[in-house]
Trainee: 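Take this structure, written in structure tokens, and hold onto it; I'll ask about it next.
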There are 2 protein chains.
Amino acid sequence: MSRPGLRERKKTETLRRMQEEALRLFEEQGYDATTIEQIAEAAGVSPSTFYRYFPTKEDVVVQDEYDPMIVAAFRRQPEGAAPIDAFRSALAEQFAQFSPEDMARLRGRVELVLSVPALRARQVQQVVATERMIGEMVAERTGRSPGDLEVRNFAAALIATWSAGILVWVEGGGQDDLTAVLGRCLDHLEAGVPL
Amino acid sequence: MSRPGLRERKKTETLRRMQEEALRLFEEQGYDATTIEQIAEAAGVSPSTFYRYFPTKEDVVVQDEYDPMIVAAFRRQPEGAAPIDAFRSALAEQFAQFSPEDMARLRGRVELVLSVPALRARQVQQVVATERMIGEMVAERTGRSPGDLEVRNFAAALIATWSAGILVWVEGGGQDDLTAVLGRCLDHLEAGVPL
DNA sequence: TATCAAATGATAGTTACTATCAGAAAGGGG
DNA sequence: CCCCTTTCTGATAGTAACTATCATTTGATA
């Protein structure tokens, strides 16, 4: 029953502080120019402690809570729906409950990740994991094998469209309605990406 | 007129030797367990020289000559053709002149890249660059802007399909006809990735 | 052969990351 | 309140990728 004890509170507090200071330093002096020592120093811990919380420097930035949320939303869609429609609904549901601050944070993070090669690389691993999850879910829904060429192709194309949409959205300054942009991407994909 | 002098021949020879020895060592003892020092030693050069040829350890493996070739083949396709058809032809033309040895090498390299996270990350940069080039070419052909949402989406989906096809091909042991696999992927994409 | 430019090797340094171990701090039982 | 166990932290030492710099060698050229 007992709420999180002092020990656990201290841990989450330390984690939050390290992330905050790290992002601040990255913005102030750039990602590469910021050392682990500086981050640890700013957060009032030793470098050893930093590595206990984050396996790599990149992980301070790239630790996605959104992808799993959207995958979960996808899973909640009715069984009968076409996979692409299920995904469309899942995206809409998810972003509908994002506050403007959430959107701004998302955009800021995407911009940082885009500007630092090491972070971009790390982000890709996340995306690949998400692609695999989607592939597995779709395989289950349609009664196909996860290794099926079309299942793989569907998942790959879906992720690609999703990413392209977010990129264009960020490049546009985050002014447009993200759900609408992604909707247009999905429509275009469903039509066979004609030009 | 004069053919490449001794100097240049030595350079390409050194490059080839370093790549060869690196791949051998990677296979024998693993990527991470192989140091630059060992590669340099095996190739009979100093570590300094290694870094003069390859900016990073990853670049010994990931330095694609195929992507540019396919982009060039794409560029050679008739102006009037639909972009997706142009790409289909470009792929077919390209792989048609691959020897079985080339195919085996391609497969081996893909497998190595897949198995090492650092290499996968590096490979992505290449793919992103290729995606951009395709986007620009398509924009030019269709008279649209390179930042156009549909142009971006087309390029992203195309690259995704391409990658998915190669992955499935490699997972199948490279037995299937790669051109056929990629053809099926493109057909599926053109149909709107239905499931 | 003498000269110039390019390629190489050697050295020293920075930084991300790992391994290990001793000490501090939190939790639970008497 | 004190002891004991567990968990977290800090310090130290080390590896290896990568950078910067400079002296040396080697291919090209006149």
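Naming: A, B, ... by sequence-line order, numbering from 1 per chain.
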Trainee: Where the side chain of B/Q125 meets the backbone of B/A121, is there a donor-acceptor pair that is under 3.5 Å apart?
Mentor: no
Trainee: So which nucleotide from D/dA28, C/dT8, D/dA16 ends up closest to the side chain of B/R7?
Mentor: D/dA28
Trainee: Heavy atoms under 4.0 Å, any strand shown: does A/T49 hit a base, just sugar-phosphate, or nothing?
Mentor: sugar-phosphate
Trainee: With no hydrogens and no angle check, is any side-chain donor or acceptor of A/R120 less than 3.5 Å from a backbone partner on A/L114?
Mentor: yes
Trainee: Less than 4.0 angstrom between a side-chain N/O of A/Y51 and OP1 or OP2 of D/dT9, yes or no?
Mentor: no
Trainee: Between atom CD1 in B/I36 and atom P in C/dA10, what is the gap in whole Å?
Mentor: 16 Å
Trainee: Would you say a side-chain N or O of A/S46 is under 4.0 Å from OP1 or OP2 of D/dG10?
Mentor: yes
Trainee: B/K10 side chain N/O closer than 4.0 Å to the phosphate oxygens (OP1, OP2) of D/dG27?
Mentor: yes
Trainee: Of the nucleotides C/dC17, D/dT21, D/dA11, which has the atom closest to the A/S48 side chain?
Mentor: D/dA11
Trainee: Can you tell me how the ring of B/F95 sits relative to the ring of B/F98, calling it parallel under 30°, perpendicular over 60° and tilted otherwise?
Mentor: perpendicular
Trainee: If only atom types and distance count, is the side chain of B/D102 paired as donor or acceptor with the main-chain N or O of B/S99 below 3.5 Å?
Mentor: yes
Trainee: Rounded to the nearest angstrom, tell me the gap between atom CD in B/E37 and atom C1' in D/dC18.
Mentor: 13 Å
Trainee: Any base atoms under 4.0 Å from A/Y53, or only sugar-phosphate, or nothing? Heavy atoms, all strands.
Mentor: sugar-phosphate
Trainee: Side chain of B/K57 only, please: which of C/dA16, D/dA17, D/dT9 is the nearest?
Mentor: D/dA17
Trainee: Please figure out whether B/T34 or B/E8 has its closest DNA chain D nucleotide nearer the 5' end.
Mentor: B/T34
Trainee: Pick the nucleotide of DNA chain C nearest each of A/T35 and A/R52; which residue has the one closer to the 5' end?
Mentor: A/T35
